[in-house]
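These notes are about the structure you will find just below.
None of these values were measured; they are calculated from a predicted model.
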Amino acid sequence: MPKMQAIICLMCPFLFLIVKKSYKMISILVKKILPALFFLLAINVRAQVHFTSGSLKVGLDNKGFLTELSNEQSGKNYLYTDSLSTLITLVSNNNKYLPSSLSYNKANKIITLKYLPAGVTIEIKVVSKNTHLALELVKAIPEKNIDAIIWGPFSTSINKTVGEVIGVVRDGEVAVGIQVLNVKTLGGDYPNNEGSSWERGIAARAHSWGSTLQAYSINRDRERRVDAWGGQFKDMPVPAIKGETVVGSKIALFTCAEPKTLDFIEAITLAEKLPYPTINKIWFKKSPEYGRSYLISSFGEQDVDEMIAYTKKAGLISLYHEGPFKSWGHYILNPDFFPNGKEGLKKCVEKAHAAGLHFGVHTLTNFINTNDPYVTPVPDDRLSVTGSATLVQEIDQQQKEIEVASPEYFNQEKNNNLHAVKIGKELIRYKSVTNSPPYKLLDCQRGTFGTASSAHKKGETVGKLFDHAYQVFFPNLELQREIARNMTNLFNETGVDHFDFDGHEGALASGEGDYAIELFAKDVYDNMKHEFICGTSNSKTFFWNIGSYYNWGEPWYGGFNESMQQSRIDNQGLFDRNLMPHMLGWYLLGEHTTMTEMESMLARAAGYNAGFAMVARPKALRSNPMTPQLLDAIREWETARTGNAFNAAQREQLKSPLNDFHLEKVTDGKWNLYQYALSPVFVREKIERQPGEPTSTTWTFKQECKEQPMQFRLNIKGKSGTVSNIKMQLDNYAEINLPIELKAGESIVCDGSENIHLYNEHGQPKGEYKMSLPPPVVSSGAHLIIIDCAFGGEEPPKIEMQFKGLNKMETIQTNK
């Protein structure tokens with residue numbers, strides 16, 4: 001213990017010094033360092049800026065990050081705060097940079113962002129308007145350090161409804177959105193160096209925690225190399241577009257009550273002078289023609305009166321020609337359809353308009369046929385090339401092997417459909433290119449596509465032409481813009497007021513990505529001199545302002561209701577999220593199309609409140625004995641649908657492909673809607689029986705509905721084998737004999753008439769069999785079915801059969 005006291009006594013002076021120094025340090029901290037910290041905090045607070053526009057309130061800190069994205073009416077901040085949301089992300093030298101600082105000049109309403117690591121300064125003009133906050137990039141220096149800029153991404157806490165195309169997210173109460181305000185501003189987050197996306201839309205993205213909103217612009221005022229067509233054509237050289245920098249990129253931010261979303265977008269569209277297509281001077285998004293159906297056909301001048309009559313009888317809004325052109329590019333009319341050329345087309349258009357119809361033509365956007373004057377006899381120098389090399393040796397006009405400096409581009413085999421190169425004014429096709437030096441194009445066909453074969457000097461450019469499986473070439477951006485004018489010149493001269501931008505993705509062949517897709521549509525819009533409606537093969541954010549509908553789903557890959565059916569249904573969610581009209585795609589009315597098939601499709605259309613295109617060629621319309629009734633059915637179902645005759649509960653039932661319906665007109669604007677009752681599925685399989693024992697199968701089914709002719713569907717299920725000589729007996733007295741053979745996968749349908757409809761394994765009509773007598777009448781209650789047949793093949797298939805009948809009935813009427 002004495003030792004411990006001695007040690008403490010010796011340490012006391014040192015402890016005193018430590019305490020004394022600590023006190024001095026604390027004093028310095030209080031007097032000097034803390035005030036400095038408070039000063040810095042004060043600067044940070046003062047540097048925060050807020051902007052308001054209607055209900056919108058946006059906050060930014062002194063680094064350029066969002067601190068608030070609020071709707072003042074709901075009182076909620078919708079900014080998701082667990083991730084950073086920057087006003088602008090810079091892309092420089094293939095790297096992304098967040099801003100280092102933000103300052104705001106209140107006098108001229110300019111935000112200045114600095115990106116110190118990249119040495120870039122960006123200025124944004126802010127304008128507060130009644131419905132939105134407009135943000136425009138007005139300065140970006142040095143231009144050489146800028147690849148692209150991204151507005152945002154802005155993270156929100158909303159993910160109930162995410163409109164990936166229009167850039168608007170909704171939660172059932174409030175909408176928050178970004179709008180691109182010019183064609184150079186693309187919806188998305190700069191997905192790749194081409195600036196393109198095969199997704200339906202990327203202006204908004206859904207996440208488990210919410211969503212992001214974003215847009216971007218690319219500096220195109222310099223030579224670039226991109227992986228074109230979604231990355232398929234690597235390292236494609238793209239020339240500079242003089243003056244097309246990121247300066248001028250512009251967006252709008254807005255928020256509103258969700259039911260007012262379309263009204264706010266319309267107000268923004270008008271305020272910012274965006275494309276505003278109208279029909280009868282009404283914005284198409286609010287027009288009575290929104291989501292209406294139309295007829296597609298292939299016809300000539302001599303058939304137009306007949307086709308107009310069919311279209312009117314079906315109650316459709318447009319007669320649309322599926323292939324009127326001899327070549328795309330110059331859009332030269334096919335004389336087989338229009339022997340009087342543009343004048344003949346113009347007269348057809350005038351007849352359609354006089355009947356109250358639109359008149360449409362199908363286009364392939366910027367595709368160029370190999371028989372078009374842009375290709376033959378003298379190819380245009382503005383045809384797009386995926387890349388090029390130089391001639392190593394001069395060649396004469398007959399040489400079959402051509403040596404080039406590099407095999408790059410020529411050895412690209414994926415989507416190398418025409419194997420074509422351009423040297424001077426000659427087009428040449430080649431079989432392949434050697435893998436090692438000397439690099440030679442082998443087995444060359446000289447002077448192809450009607451061009452002249454000629455000699456070429458060493459050092460000349462050999463350009464690999466951009467082509468497509470449709471056996472076409474493509475333009476560069478300059479020629480693309482000329483083709484857009486070619487289209488509109490034809491439409492303006494003839495009055496055509498309905499068309500599709502089919503093959504819209506062809507604009508990617510310019511190397512300019514989605515910008516070229518948007519620009520083509522805008523060029524057409526700007527050059528049109530009358531109102532029109534149009535569709536497209538894809539969906540882009542700026543195009544949303546121009547497009548009338550998105551009618552995807554083709555009839556070539558299965559039966560009337562089977563071809564691409566799930567894809568058609570899946571599209572309806574996209575349309576809901578993006579305030580697009582519901583459309584179900586194309587359907588084919590053929591020589592054997594039945595009322596059952598037609599009403600099944602019309603019921604789905606009514607359920608989704610979706611329009612469609614009915615492909616119906618003159619021969620099929622003339623040959624199908626049911627044509628008048630089918631067209632009447634289309635008219636009545638469409639009148640009921642567009643007149644809001646179906647209530648919400650009915651629409652849910654109508655959506656299901658498991659439910660079948662029939663619509664019967666009572667008076668104008670009033671109908672009886674019948675739902676079919678379906679029996680269970682009955683099965684017959686081959687079973688070995690002892691000699692002499694009957695081989696038939698017996699079923700008992702209960703008909704829930706009133707007395708009516710028997711209706712059924714019989715499917716042959718299996719991988720192989722056949723079923724033939726089907727015999728059925730109802731209640732031990734009425735017989736149906738079908739002396740036909742069906743293969744595995746095929747089916748037959750009896751619709752209550754003596755005509756049995758036959759379908760192949762893809763669900764496509766393959767013919768009819770006419771019974772000697774109509775099918776028996778079936779009363780309500782229990783019934784006995786005895787069925788027999790012959791099975792063929794090592795693994796015989798089985799029969800699956802289902803009966804149906806008209807049952808539940810409700811009266812409906814228009815409710816506009």
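Taking the six-membered ring where the residue is Trp, the centroids of Phe499 and His362 are separated by 6.0 Å or more.
Arg481 CZ: 12 or fewer foreign heavy atoms inside a 6.0 Å radius. Other residues, nucleotides and ligands contribute more than 12 heavy atoms inside 6.0 Å of the CD atom of Glu143.
The minimum heavy-atom distance between Ile428 and Ile423, with the atom names listed, is CD1-CD1, 3.7 Å.
For the pair Ile317/Leu357, no side-chain contact is recorded, criterion being any heavy-atom separation below 4.5 Å from C-beta on. Two residues are said to be in side-chain contact when any heavy atoms from C-beta on lie closer than 4.5 Å; Tyr409 and Ser388 fail this criterion. You'll find the side chain of Pro618 reaches within 4.5 Å of the side chain of Met307, heavy atoms only.
In this structure, Arg617 fails the cation-pi test against Phe299, since its NZ or CZ atom is not both closer than 6.0 Å to the six-membered ring centre and inside 45 degrees of the ring normal. For the pair Arg200 and Trp552, the distance from NZ or CZ to the six-membered ring centre is under 6.0 Å and the angle to the ring normal is within 45 degrees.
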Exercise. Please lay out, stage by stage, how Tyr294 and His358 fare under the test ring-ring contact (aromatic ring centres under 6.0 Å, His included).
Key: CA-CA 9 Å; Tyr294 55 98; His358 295 287; 10.0 Å; no
Donor-acceptor list for residues 226-236 side chains, cut-off 3.5 Å, not counting sequence neighbours:
from   : atom 1 : to     : atom 2 : distance (Å)
Asp227 : OD1    : Asp235 : N      : 2.9
Gln232 : OE1    : Asn415 : ND2    : 2.2
Lys234 : NZ     : Gly231 : O      : 3.0

Taking distance alone, no hydrogens or angles, what donor-acceptor pairs closer than 3.5 Å link side-chain atoms of residues 469-480 to residues at least two apart or in another chain?
from   : atom 1 : to     : atom 2 : distance (Å)
Asn476 : OD1    : Glu478 : N      : 3.2
Asn476 : OD1    : Leu479 : N      : 2.9
Gln480 : NE2    : Ala516 : O      : 3.0

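The closest side-chain donor-acceptor pair between Gln572 and His582 falls under 3.5 angstrom.
Residue pairs meeting the side chain to side chain donor-acceptor pair (under 3.5 Å) criterion with at least one member in residues 429-442, sequence neighbours excluded, are Asn416-Tyr430.
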